[in-house]
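Data first, discussion second: the structure below is written as structure tokens.
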Amino acid sequence: MVPKDFIREIIDEDNASGRFDGRIHTRFPPEPNGYLHIGHAKSICLNFGIAGEYGGKCNLRFDDTNPAKEEEEYVSSIKDNVRWLGFDWEERLYFASDYFEQMYKWAVDLIKKGKAYVDDHTADEISRMRGSLTAPGIESEYRNRSTEENLELFERMRKGEFRDAEKVLRARIDMSHPNMNMRDPVMYRILHSTHHNTGDEWCIYPMYDWAHGLEDSIEGITHSICTLEFENHRPLYDWFLDELEIYHPQQIEFARLNLTYTVMSKRKLLELVRKKLVSGWDDPRMPTISGMRRRGYSPASIRDFCSRIGVAKINSTIAIETLEHAVREDLNRTSPRYMGVLDPLLMRIENYEGEDEMDVINNPEDPSAGRRKVPFSGEVYVEREDFMEDPPPKFYRLAPGREVRLRNAYLVTCTNVVKDGSEVKEIVCKVDPASRGGDAPDGRKVRSTLHWVSAKHAIDAEVRQYDKLFTVEDPLSMPGDFTEYIDHDSLKVLKGCKVEQIVGKLPHLSRFQFERLGYFCIDPDSDPDRLVINRTITLRDTWAKVKGK
Ligand code: ATP
Ligand code: MG
């Protein structure tokens, strides 16, 4: 059995001690200020996964406490992404902004207890007065305002009587606390800004540390799982809940996901979008869930990846190949096989007339995928790189005088090469009519199997091939700006590719394998007049496939 991770161990202990009466209630709390990325997928799989395993619940909660950066578009993309990943929040869709009134009341409670005060200093001054790890902070001269004055000023803050940043509400804790987060942190700031949910109702907005524990408490969350950088915010999370004497969830921190060749911060991803360095949030090279979906990654492969990497208490970086491995494994199991030729070279079969239909297995890994008929004729396209006029010793594919197999069709031998100057225009072959289906009756072996499409039955496609977006493993650690490390060859567009007709009938985002080439999917840019295909990922080992029939 796979050992349980430390979070599930904590939950088991809480269940054993009856701490939350055996309840398990988690939440996924994105801030709607960008599209979700693969790091969020880890958090989604963890929170929804735990709820599922323990018969608990998981809320989807938008942590929309910051009006300036949040947009409706992000809310709908996040919902869409969570659903696509295969998770269901049922009726539990919440917005932190719906709790603003309750939060305000609790802030008033803290003021009445002498635990919060209105400060007239600016954010810069407050941060300068916070001290350092080695020096205590300086107490603000407004720290000892009377409760009455604080209540009055806070109410006037809410009413909009002050300008942005003119005043803040701070918790009154300890300016020489060894944990800097406890040095009278800001709870509310003034922002005259329209909020996507509450409109212009509020002009004071709660800070994350103040708001988050309250949101968890209101929703009856048992285990509030977040990333490691919040570990030293936990004393503050606990302090607010303890001072208010309200229901108190357990915050647990785990290591965030980092991936090689990837930046994983919404702010950086937004920069790529804004500067048009990618085509959008769903550019297939983006580490966003929308990008991966468009690229052809399956939800199952992302879930599998998240469960493989597990959760830990120490930050580390996972190789992008680990994700690609999970993608290949799932696509290998689930993708129907078709044939497509990316760089077509015409092969004329001199002794073949008419047409035929070859009977083909759709997916050798999945018998339930059935079979299909693939049209064959005397002119087929093969991959230009599968032919060499003057092959070096280890090239086993087609060459003059050599016999190869056209997959699921016939054995053919190259008899002639038609050239235009140095360029090969077409190749002429002879078929062994007794090898229909792809095997010689005398059992003779050929060393190579090629994919092909019948020329008159093929349709044109544009194929987009993607590579890693960055040229270096950790773009953010490099000198200069991270965008300098973008690989401008990471998108290659191939036009005039020839593919089986059936591929043109697939719905958007359908995933499939092109034999010998890799996994692909139909790009949403496709329409009835134009077929656009994304290459999701190459096959692990092209040669392993070539050996078989
Ligand atoms: P970013 O830095 O990309 O903006 P964030 O943490 O600010 O991410 P939120 O929308 O606040 O993004 O995050 C929602 C949830 O997803 C949080 O619980 C957060 O801890 C988690 N999360 C974000 N990034 C990662 C990551 N790389 N690995 C695991 N969990 C993550
Ligand atoms: Mg954030």
Side-chain angles (χ1 to χ4, degrees), residues 5 7 25-51 58-66 68-71 73-79 81-82 85 87 89 94-97 196 206-209 211-213 215-216 219 221 223-234 237 249-274 281 286-292 302-303 305-318 320 322-323 474-476 482:
D5 57 65
I7 296 182
H25 201 151
T26 56
R27 86 285 175 265
F28 173 63
E31 186 184 345
N33 61 347
Y35 279 55
L36 298 180
H37 52 60
I38 181 78
H40 295 113
K42 176 174 177 175
S43 176
I44 293 169
C45 290
L46 187 60
N47 282 295
F48 281 94
I50 284 175
C58 181
N59 298 355
L60 175 60
R61 177 206 309 149
F62 287 98
D63 205 348
D64 56 350
T65 51
N66 183 359
K69 295 187 296 183
E70 293 158 2
E71 285 175 32
E73 176 197 351
Y74 299 140
V75 170
S76 66
S77 76
I78 290 171
K79 291 201 283 195
N81 286 164
V82 174
L85 271 179
F87 298 107
W89 55 88
Y94 300 116
F95 289 85
S97 54
H196 80 105
M207 304 300 288
Y208 178 91
D209 282 331
H212 204 82
E215 298 160 20
D216 287 339
E219 293 176 16
I221 299 303
H223 300 87
S224 174
I225 301 170
C226 61
T227 43
L228 274 187
E229 63 272 24
F230 291 101
E231 190 163 21
N232 55 14
H233 295 239
R234 179 159 23 102
Y237 181 100
Q250 174 68 53
Q251 176 179 305
I252 304 172
E253 310 85 17
F254 72 102
R256 65 193 294 122
L257 170 64
N258 298 301
L259 269 185
T260 56
Y261 297 97
T262 308
V263 298
M264 204 112 71
S265 138
K266 280 180 284 188
R267 206 159 45 83
K268 303 284 185 220
L269 298 176
L270 178 63
E271 194 177 329
L272 296 177
V273 173
R274 289 234 168 104
W281 285 100
M286 288 280 270
T288 52
I289 297 178
S290 299
M292 292 182 173
I302 295 176
R303 291 195 305 265
F305 167 72
C306 291
S307 100
R308 273 181 213 208
I309 57 176
V311 284
K313 262 285 187 197
I314 297 168
N315 279 320
S316 65
T317 301
I318 306 283
I320 185 87
T322 311
L323 172 60
D474 184 4
L476 295 179
F482 78 105

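Bear in mind the structure is a predicted one, so any value in this text is a computation, not a measurement. Every number for a ligand or one of its atoms is a count from 1 in the order of the listing.
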Query - Validation row: P30, L36 side chains within 4.5 angstrom (heavy atoms) - result: yes
Query raised in the report: Which one of E229, R256, K42 has a non-hydrogen atom at the shortest distance from atom 2 (O) of ligand 1?
Result: R256
**Report entry** For atom 13 (O) of ligand 1, the option (of H40, M264, R61) bearing the nearest heavy atom
**Finding:** H40
Query raised in the report: Relative to the heavy atoms of S265, which atoms of ligand 1 are at a distance of less than 4.0 Å?
Result: 3 (O)
Report task. Could you tell me how the ring of Y208 sits relative to the ring of H212: parallel (under 30°), tilted (30 to 60°) or perpendicular (over 60°)? Result -> parallel
Query raised in the report: Considering residues at least two apart in sequence or located in another chain, which fulfil the side chain to side chain contact (heavy atoms under 4.5 Å, CB included) criterion with S290?
Result: Y35, N81, D282, T288
Query raised in the report: Are any of the N/O atoms in R27 less than 3.5 Å from those in ligand 1?
Result: no
Query raised in the report: Between F230 and ligand 1, which residue portion shows a heavy-atom distance shorter than 4.0 Å: side chain, backbone, both, or neither?
Result: neither
**Report entry** Heteroatom distance test (P30, ligand 1): nitrogen or oxygen, under 3.5 angstrom
**Finding:** no
Query raised in the report: What do we get for H37 next to ligand 1 when only non-hydrogen atoms under 4.0 Å count, side chain, backbone, both or neither?
Result: side chain
Query raised in the report: Counting each atom of ligand 1 from 1 as listed, which ones have a heavy atom of P29 under 4.0 Å away?
Result: 14 (C), 18 (O)
Report task. State whether the side chain of K42 and the backbone N or O of A255 hold a donor-acceptor pair below 3.5 Å, judged by distance alone. Result -> yes
Query raised in the report: What pair of heavy atoms forms the shortest contact from A96 to D64, and how long is it?
Result: N-OD1, 3.2 Å
**Report entry** Under 3.5 Å: N/O of L257 near N/O of ligand 1
**Finding:** yes
Query - By side chain to side chain donor-acceptor pair (under 3.5 Å) - contacts of D216 (at least two apart) - result: R27, R61, S224, Y237
**Report entry** Residue pair F482 / L272, side-chain heavy-atom distance below 4.5 Å
**Finding:** yes
Query raised in the report: If you count the atoms of ligand 1 from 1 in the order shown, which ones are under 4.0 Å from a heavy atom of F254?
Result: 29 (C), 30 (N)
Query raised in the report: Of all the atoms in ligand 1, which lie at a distance below 4.0 Å from a heavy atom belonging to T227?
Result: 20 (O), 29 (C), 30 (N), 31 (C)
Query raised in the report: Taking the six-membered ring for Trp, are F62 and F95 parallel (under 30°), tilted (30 to 60°) or perpendicular (over 60°)?
Result: parallel
Query - N33 N/O to ligand 1 N/O under 3.5 Å - result: no
